[in-house]
Amino acid sequence: MEQRISESIRELFGIEIIPQVSRPEAKFGDWATNVAMQLAAQLGRAPREIAEQIAAHLRESGNYSEVSVAGPGFINLKISDGALRALADTIPKKSRDDMTVVIETNNPNPFKAMHIGHAFNAIIADTIANLLETSGARTHRVSYHGDVGLHVGKSMWALLRYVDGDAERLRDVPEGEHNSFMSQMYAEGARAYKEDETAKTGIDELSKQSFAREDALYAAVYDTVFGWSFEQIDTIVARLGNKPTDKPPFLESEADVRGVKVVKDNVPNVFQESDGALIFRGSEYGAFDNVFVNRNGQGLYGARDLGLMLLKNEKYHPDKSYIVTAEEQKDYFKGVLAAARLAMPELTDVTVNISTGTVKLTTGKMSSRDGDVIEIAWLFDQVAEAIKARGGEPTEDVMAGALRYAFLKQRVGGDVVFDVNESVSIQGNSGPYLQYAHARACSILGKVGDNFLGVARGDIPQYDEHERSLIRKIGEYSEVVERATIELAPHHICTYLFELAQEFNRFYEQCPILGDGRQRVRLSLVDHYRRTLAAGLGVLGIVAPEKM
RNA sequence: GCACCCGUAGCUCAGCUGGAUAGAGCGCUUGCUUGCGGAGCAAGAGGUCGUACGUUCGAAUCGUAUCGGGUGCACCA
């Protein structure tokens, strides 16, 4: 498209220019370009006059069924119905062919419950992974978890009190309550750490033990609850519709060893000693000064993230490695990446941090520190209620679809205000709306079974107004997916699929299909639409049900 | 204090590589039940695109300033 126009301009004016081409409102045409206005200053002539000249030239080419000039100098182009249908068969270009990428798609810490914020990040990361795969990259979903450190100490403090010398007592906790039990234990430990000096000392000691785990009781309790954590994480993540991560997961204890070595090996050229700690002067690189190894020689998260980069590289040799985190960690990662560039130059520009916004309730920010968390099971219950209220069947696919879509429809990076009723809504611009639209199309197709012949290839149909609008919209799919994969922006797909479903619903209201004289053409459109919608939902990780 | 992000309809958000009367969902008002799934469709009300300058033929979009909100800034992750 761009190429043809730029050729015309070269022939007419001898100017090289890449014209801007856009998809205008349907009443203007299938495509539009403002290139005449871009050229006006250069040529010193009126834009409309230039537009007329280009339009005449394009008309002669015979590539368009209609070429017109409108407004201040737009050139509107319309293509034939046959060309429109061919366009709808276009497959998105693969912008990352031959690339290997790694992406962290979930990293909630063991010994704590997963909450909305984890779900939000996990869904975004998993969908970005889908986009990476769609763009042709060999994609490895990985996870990284804090198996050692202070938060473990806090949980262990409460857990050891609970078992009171006998690890078997953990069996008393019913399986379905593991998540809230862990949540409760962590909250108790966290409170004691803040309020009770004696407890604080004990917790600090228990934190240290998380590395070696030499005490038999400690190890037994740790192993049991550690196991529960991963069962919970895997179950919940699957329930959210995420694809599973590679096993075994990356652990902070492993990353720690490697990272601390990197830091120590790079003193004083990259890291400097300050107050007995090893720090990186991130303030010289647009971040902030940060401690990587504390004065006791223990690695902090900065060191561990460096170690993790090494581990990922050894396992996968990725061209790109994505880490999706909340925006709070944006500047922190800027510093880590700057340090990595200096300390591990061979890995420069491999790791990229994508930051997401904050999930907020109407009542404030999600937090796991004070135990005031919204658990994901509760969230699913809310969705189920909302679906039942509409007389629907709350299947796992529909609940996951509602949640994923609610989290994915905004641009990545912005805050999400999580109004439970609003986000869980199953009408309007929502996951279930799309799923319903898909089921409806399936229902129609199911009534004719495999008996309909559709329109044979090469048989160019003449579309009526509504049919044409639908096929035109279907034809935008590949462009939208390309844009979303390049920008790693799933919301473009959400916006498009919603418009597509709306276009279909409009078509559906206006055009009788079964028994109509245009049945073949219309059935073929329904089928084409159904496939496109299913493909788009697939990229979002949302199941396209045949019935609901 | 310094840095980064955000500010578009009552609410939640698209649009931001500058272009045609600024779009959608929710909510509100009205219409569509004799047709393939009404979780739908159609129509209406609702906007100084935070504010002010600037660049441009043209600014929600770019620049500067300013106001408002959020986040980060040393041994926690």
Side-chain angles (χ1 to χ4, degrees), chain A residues 20 22 24-25 28 32 34 37-38 40-41 46-47 70-74 76 107 109 146 149-151 154 193 207 252 274-280 282-283 286-296 298 300-302 304-305 325-332 334-335 355 357-358 360 365 368-369 387 390-392 398 406 409-411 413-419 421-423 425-430 432-437 439-448 491-492 494-495 498-499 501-502 504-516 519 522-523 526 547-548:
Chain A
Q20 275 182 32
S22 62
E25 288 175 54
F28 292 123
N34 62 0
M37 292 181 281
Q38 291 176 273
F74 289 96
N76 292 322
N107 19 18
N109 282 335
L150 183 61
H151 75 276
K154 288 175 183 171
Y193 191 81
S207 301
E252 281 191 18
S274 171
D275 289 342
L278 300 179
I279 70 158
F280 177 68
S283 56
F288 55 88
D289 294 353
N290 196 15
V291 175
F292 277 54
V293 173
N294 72 15
R295 60 167 64 95
N296 302 321
Q298 291 168 327
L300 301 184
Y301 45 101
R304 292 175 190 170
D305 272 311
T325 63
E327 67 171 338
E328 287 92 319
Q329 295 182 32
K330 197 173 182 174
D331 283 347
Y332 157 72
K334 212 181 212 177
S355 68
T358 311
K360 294 174 196 157
K365 185 178 150 182
S368 65
R369 277 190 295 272
I387 294 167
R390 301 292 300 203
V398 174
K409 70 178 176 182
Q410 299 87 357
R411 206 211 311 223
D415 289 352
V416 171
V417 175
F418 198 86
D419 178 321
N421 297 316
E422 187 71 27
S423 301
S425 161
I426 56 168
Q427 42 187 324
N429 189 2
S430 71
Y433 171 97
L434 299 179
Q435 292 176 313
Y436 180 77
R440 218 184 200 185
C442 286
S443 163
I444 298 167
L445 294 169
K447 287 201 164 57
V448 292
H491 79 284
H492 289 309
C494 293
T495 305
F498 179 62
E499 288 168 4
Q502 263 187 326
F504 174 77
N505 282 335
R506 237 167 261 152
F507 162 85
Y508 178 87
E509 296 284 334
Q510 297 294 326
C511 303
I513 299 163
L514 300 178
D516 190 87
Q519 171 167 326
R522 289 179 178 170
L523 275 175
V526 173
K547 284 181 192 164
M548 62 185 280

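Letters A, B, ... mirror the listed sequences (proteins, then strands); counts begin at 1. Keep in mind it's a predicted model, so treat the numbers as computed, not measured.
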B/G72 base stacked by A/Y332 (centroids within less than 5.5 Å, tilt under 30°): no
Counting any heavy atom closer than 4.0 Å, what does A/I279 reach on the DNA or RNA strands: base, sugar-phosphate only, or nothing? base
Can you tell me how far apart NZ (A/K447) and CG (A/L514) are? Round to the nearest 0.5 Å. 7.5 Å
Rounded to the nearest 0.5 Å, the CD atom of A/E509 sits from the CZ atom of A/F504 at a distance of 10.0 Å
Looking at every strand, decide which applies to A/H151 at a 4.0 Å heavy-atom threshold: base, sugar-phosphate, or nothing. nothing
Is A/C511 touching bases, backbone alone, or none of the nucleic acid, heavy atoms closer than 4.0 Å? base
Quiz question: going by heavy-atom distance under 3.5 Å, is there a donor-acceptor pair between the base of B/G19 and the side chain of A/N34? yes
Counting only side-chain nitrogens and oxygens, does A/Y433 get under 4.0 Å of the OP1 or OP2 atom of B/C41? yes
Could you say whether the aromatic ring of A/F288 and the base of B/A74 stack, counting only centre distances under 5.5 Å and plane angles under 30°? no
Side chain proximity check, A/Q502 to A/Y433, heavy atoms < 4.5 angstrom: yes
Aromatic plane relationship, A/Y301 with A/Y332 - under 30° parallel, 30 to 60° tilted, over 60° perpendicular: tilted
Under-3.5 Å donor-acceptor pair between A/Y436 side chain and B/A39 base: no
Side chain A/S443 and base B/G37 donor-acceptor under 3.5 Å: yes
May I ask you to say what A/L150 touches in the nucleic acid, namely base, sugar-phosphate or nothing, with a heavy-atom cut-off under 4.0 Å? sugar-phosphate
What does A/E252 touch in the nucleic acid at a heavy-atom separation under 4.0 angstrom: a base, only the sugar-phosphate, or nothing? sugar-phosphate
Kindly indicate whether the side chain of A/T495 and the base of B/A24 share any N or O donor-acceptor pair separated by less than 3.5 Å? no
If only side-chain N and O atoms of A/R304 are considered, is one of them under 4.0 Å from the OP1 or OP2 phosphate oxygen of B/A77? yes
Assign A/S274 to base, sugar-phosphate, or nothing according to its heavy-atom contacts below 4.0 angstrom with the strands shown. base
Assign A/A41 to base, sugar-phosphate, or nothing according to its heavy-atom contacts below 4.0 angstrom with the strands shown. nothing
Side-chain donor/acceptor of A/N76 to base of B/A20, under 3.5 Å: yes
Describe the nucleic acid contact of A/F292 in one word from base, sugar-phosphate, nothing, applying a heavy-atom distance below 4.0 Å. nothing
Once you apply a heavy-atom cut-off of 4.0 Å, does A/Q435 come out as touching a base, just sugar-phosphate, or nothing? nothing
Report which part of the nucleic acid A/E499 touches: base, sugar-phosphate, or nothing (heavy-atom distance under 4.0 Å, all strands). nothing
What's A/D516 touching, base or sugar-phosphate or nothing? Going by heavy atoms closer than 4.0 Å. nothing
Look at A/R411 and B/C13 and indicate whether a side-chain polar atom (N or O) is within less than 4.0 Å of OP1 or OP2. no
